[in-house]
Protein chains: 2
Amino acid sequence: MSTIKDVAREAGVSISTVSFAINGTAPVAPETKKRIFETIERLNYQPNSAARGLVTRKSNNIGIFVPHPDSSIFTFSGNQLFANLLQGIGEVAGEKGYNLLLAWDRPDKEKPSKVIELARSGSVDGLLFLIPNHDHTIIDQLIEIKFPFVFMGNHYSDKPVDSVDIDNFQASYECASHLLKLGHKRIAFISPGPLDFLVSEDRYEGYSSALKDAYIEPDERLFYVGDDSKASGYRAMEHFFASGESPSAIVAGRDVQAVGILKYAKERGMDIPRDIAVVSFENSQLAEMYDITSYSTDLYVIGNNAAKMLFKLISRKKERQPQNVVIPSELFVRGSCGSVSRNDPLS
Amino acid sequence: MSTIKDVAREAGVSISTVSFAINGTAPVAPETKKRIFETIERLNYQPNSAARGLVTRKSNNIGIFVPHPDSSIFTFSGNQLFANLLQGIGEVAGEKGYNLLLAWDRPDKEKPSKVIELARSGSVDGLLFLIPNHDHTIIDQLIEIKFPFVFMGNHYSDKPVDSVDIDNFQASYECASHLLKLGHKRIAFISPGPLDFLVSEDRYEGYSSALKDAYIEPDERLFYVGDDSKASGYRAMEHFFASGESPSAIVAGRDVQAVGILKYAKERGMDIPRDIAVVSFENSQLAEMYDITSYSTDLYVIGNNAAKMLFKLISRKKERQPQNVVIPSELFVRGSCGSVSRNDPLS
DNA sequence: ATGAAAGCGCTAACAA
DNA sequence: TTGTTAGCGCTTTCAT
């Protein structure tokens with residue numbers, strides 16, 4: 001592998017001139033420049049990233065911190081959406097000449113966190129978090145060393161932390177309101193994940209606020225903790241109908257849960273949306289396939305904005321107030337909630 | 001950020017002793033070692049990866065080269081499978097203290113390939129390829145500089161290149177054979193993707209070999225180029241039934257295509273499997289959900305083996321013959337092919 | 001417009 | 001067992 005020294009020798013100039021030509025950090029005579037780039041081409045020279053990083057104190061990597069792949073939240077809604085997120089991030093990173101380092105934390109809690117290690121070792125210049133809840137220890141350490149990071153699909157209420165997300169409270173409020181407007185009174189709620197996920201909390205609060213604004217007290221019998229499976233939607237239905245307070249409508253946490261609801265309904269001969277109206281989140285392919293009304297969560301836009309924000313943080317001169325960017329999103333009304341006519345699941 | 005110098009000073013030893021203690025590259029007295037690690041802890045010291053990399057000539061990163069995220073093949077079968085692949089790779093990488101660098105190529109072909117750049121700049125110590133076909137230019141360059149890389153879910157027939165994959169020829173042969181054994185004569189084939197994807201080629205060859213071995217000549221009217229959409233399965237059916245040679249069975253390329261087939265059949269009042277038997281690939285959640293007979297493609301195992309192989313290549317002493325590792329996989333028989341009783345799509 | 005040289009933080013050969 | 005020191009390949013200041 002050739003070095004800048006080789007290029008300098010072959011081109012008959014000093015190494016600083018080569019560096020100036022490559023980085024444009026000082027004027028270089030046109031013919032000298034031409035000679036240098038020809039030699040670079042000929043020798044297949046590529047600056048060593050470690051050497052460069054040692055001087056510039058930049059790695060040109062940004063870390064994307066995700067949950068452990070075998071945790072269900074990782075796929076974040078089953079399908080396309082992680083790819084969308086990556087594309088949103090990648091477009092910005094590519095433009096800036098940055099690479100993407102994918103990392104998740106070690107299962108064993110004894111070793112220091114992988115993120116902190118990456119930050120402290122200078123392996124990444126900034127971090128993008130795609131995690132459902134907060135590890136205060138990690139956040140505090142990052143803040144202490146003033147390391148740039150942005151939360152995606154999440155925000156942080158306790159500390160001033162930058163984030164990009166949809167407004168889950170508002171979204172959930174709208175979902176419930178939509179059902180209320182259709183005349184429903186007994187509206188059940190399924191959380192998208194465990195209750196310590198901030199998204200679950202925000203959604204529940206949006207839902208219950210909508211109900212309260214309509215003078216309906218949320219009934220805890222119509223509350224169920226769901227997860228990233230069809231089965232959790234199915235089980236939620238079993239739970240609701242065994243609770244003594246059968247719902248006439250459901251705010252599901254994920255499209256895949258809604259599919260489980262559809263299954264339950266079909267087995268019991270219930271009609272969607274006549275007997276049970278369903279509204280969900282994600283607006284994924286599943287929602288389209290099964291004609292489910294669903295609130296969009298555009299991960300491409302979230303990733304794109306988060307990456308842009310991170311690069312601002314990385315190159316910032318002075319301190320700045322953290323921002324919580326809210327991505328616009330909306331309810332895609334389909335057949336499952338009764339406002340429009342219903343299509344067949346397989347059509 | 002503290003450096004090795006700070007640690008040495010604070011612990012009252014030389015920097016080499018600190019280095020020896022950290023890396024275990026020379027014996028260090030127990031009490032000295034203790035003092036050093038206490039200081040490291042106290043200063044929150046973390047070795048700078050660039051400085052270390054500059055000396056050791058290793059980045060401790062491996063690159064995962066994937067198609068551009070907005071290409072449909074990226075998600076590689078819709079859902080969980082990319083996560084499975086990452087987990088398979090991540091387990092091995094984590095063990096070795098390696099990070100994962102995710103990269104895809106630039107859309108504009110003018111700039112040099114991102115992979116080559118990563119390899120030449122020393123940003124990664126090895127590469128894992130998850131791409132459906134081959135860019136000879138890239139491969140040739142990597143081979144020339146003896147850069148370690150492994151193909152996943154693919155192999156390379158022209159050049160000696162390491163790879164980990166299932167045997168797509170064999171898999172497809174078995175799928176067709178299964179249908180032949182059930183008495184089918186008019187068996188159609190849908191490719192999982194464009195024909196220049198090696199997987200498409202291998203699958204078609206397996207399929208046609210099975211037919212030929214049963215003295216049936218593959219009918220080009222029963223051949224369709226599919227993609228990663230439900231619609232392509234649906235369109236394939238339209239094509240077959242307009243061709244004048246209606247099939248009695250289909251070898252679909254992906255589970256999502258099979259769902260499109262189901263939709264077509266349902267609309268025309270055809271019964272699956274009575275009128276049309278369906279066999280597919282991936283054995284994904286969709287296959288389970290729709291009770292589709294499907295051939296498994298376990299990306300966790302593929303990723304795991306590919307990563308192990310890559311680390312062998314990275315640390316190899318002498319040249320070695322490239323290996324093409326074949327991952328065991330099998331046909332999961334469900335209701336869609338007529339060998340077992342059929343469940344309802346939503347159950 | 002170009003060159004000489006210092007030094008980024010670390011490892012490892014060599015000396016003690 | 002520990003310390004001294006020479007680079008690794010690059011950027012950048014300071015001369016010229």
Side-chain angles (χ1 to χ4, degrees), chain A residues 1-37 39-40 43-61 97 117-125 145 315, chain B residues 1-40 43-61 97 117-125 145:
Chain A
M1 207 94 305
S2 47
T3 71
I4 198 173
K5 230 170 164 174
D6 301 322
V7 176
R9 183 173 22 77
E10 295 282 314
V13 292
S14 75
I15 58 166
S16 47
T17 307
V18 177
S19 177
F20 293 147
I22 292 173
N23 302 308
T25 38
V28 176
E31 62 272 34
T32 319
K33 200 180 268 174
K34 183 160 167 282
R35 197 147 30 89
I36 290 173
F37 281 119
T39 0
I40 285 177
L43 300 184
N44 272 319
Y45 170 70
Q46 179 77 39
N48 179 285
S49 63
R52 185 175 263 183
L54 184 55
V55 182
T56 60
R57 331 201 116 264
K58 312 222 299 88
S59 65
N60 283 308
N61 293 152
E117 200 178 294
L118 288 174
R120 291 212 128 96
S121 67
S123 301
V124 298
D125 300 335
I145 59 173
S315 62
Chain B
M1 207 95 304
S2 46
T3 71
I4 197 173
K5 232 169 162 175
D6 301 321
V7 176
R9 182 172 25 76
E10 295 281 314
V13 292
S14 76
I15 59 165
S16 50
T17 308
V18 177
S19 177
F20 293 148
I22 293 172
N23 303 308
T25 39
V28 175
E31 62 271 33
T32 318
K33 198 180 269 175
K34 184 160 165 283
R35 197 149 28 88
I36 289 174
F37 281 119
E38 277 169 5
T39 332
I40 286 177
L43 300 184
N44 272 320
Y45 169 70
Q46 179 77 39
N48 179 284
S49 63
R52 186 176 262 180
L54 184 56
V55 181
T56 60
R57 329 201 119 265
K58 310 218 304 89
S59 64
N60 283 308
N61 293 152
E117 201 178 293
L118 288 174
R120 290 212 130 97
S121 66
S123 302
V124 297
D125 299 335
I145 59 174

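Naming: A, B, ... by sequence-line order, numbering from 1 per chain. Computed from a predicted model, the values in this text were never measured in an experiment.
Distance CD1 (Ile36(A)) to C1' (dT2(C)): 10 Å, rounded to an integer number of Å. When the C1' atom of dC10(D) is taken as reference, atom NZ of Lys5(A) falls 11 Å away, rounded to whole Å. Atom CD1 of Ile40(A) is separated from atom C1' of dC10(D) by 13 Å (rounded to the nearest Å). Between the CD1 atom of Ile15(A) and the P atom of dC14(D) there is a distance of 17 Å, given to the nearest Å. Arg52(B) places its CZ atom 11 Å from the C1' atom of dG9(C), with the value rounded to the nearest Å. In this structure, Met1(A) places its CE atom 13 Å from C1' of dG9(D), rounding to the nearest Å. Spacing between atom NZ of Lys33(A) and atom P of dA1(C) amounts to 9 Å, rounded to whole angstrom units. Nucleotide dC8(C) holds its P atom 14 Å from the CD1 atom of Ile4(B), rounded to whole Å.
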Legend entry - Full working for side chain to side chain contact (heavy atoms under 4.5 Å, CB included) between Thr3(A) and Asn48(A): CA-CA 8 Å; Thr3(A) 71; Asn48(A) 179 285; over 6 Å; no
Legend entry - Ile22(B) and Ile40(B): CA distance, side-chain angles, deciding distance, side chain to side chain contact (heavy atoms under 4.5 Å, CB included) verdict: CA-CA 10 Å; Ile22(B) 293 172; Ile40(B) 286 177; 3.8 Å; yes
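Pro47(A) comes within contact range of the sugar-phosphate backbone alone, with a heavy-atom separation under 4.0 Å but no base atom that close. Within the nucleic acid shown, Thr3(B) comes within 4.0 Å of sugar-phosphate atoms alone, with no base atom in reach, counting heavy atoms only.
To the nearest 0.5 Å, the span separating CD1 on Ile36(A) from CD1 on Ile4(A) amounts to 9.0 Å.
Set against dG3(C), dG9(C), dT4(D), the side chain of Leu54(B) has dG9(C) as its closest nucleotide. Comparing dC10(D), dT1(D), dG3(D) against the side chain of Pro27(B) picks out dT1(D) as the nearest. Among the nucleotides dG3(C), dC10(D), dT12(D), the one closest to the side chain of Thr25(A) is dT12(D). Of the candidates dC10(C), dG3(C), dA12(C), dA12(C) carries the atom nearest the Ser16(B) side chain, counting heavy atoms from C-beta on.
Under 4.0 angstrom from either OP1 or OP2 of dT2(C) there lies at least one side-chain N or O belonging to Thr32(A). Side-chain N/O atoms of Asn48(B) include none lying less than 4.0 angstrom from OP1 or OP2 on dC8(C). Look at Ser14(A) and you won't find any side-chain N or O under 4.0 angstrom from OP1 or OP2 of dT2(C). The side chain of Arg57(B) places an N or O atom within less than 4.0 Å of a non-bridging phosphate oxygen (OP1 or OP2) of dG9(D). Note on Thr56(B): every side-chain N or O is 4.0 Å or more away from OP1 and OP2 of dT11(C).
Side chain of Thr39(B) to backbone of Glu10(B): no donor-acceptor contact under 3.5 angstrom is found. In this structure, the side chain of Ser49(A) engages the main chain of Ser121(B) through a donor-acceptor pair within 3.5 Å.
Place Val55(B) and Phe20(B) on DNA chain D by their nearest nucleotides, and Phe20(B) ends up nearer the 5' end. Between Ala50(A) and Thr17(A), the one whose closest nucleotide on DNA chain D sits nearer the 5' end is Ala50(A).
Here the shortest heavy-atom pairing between Arg35(A) and Val13(A) reads NH1-CG1, 4.1 Å.
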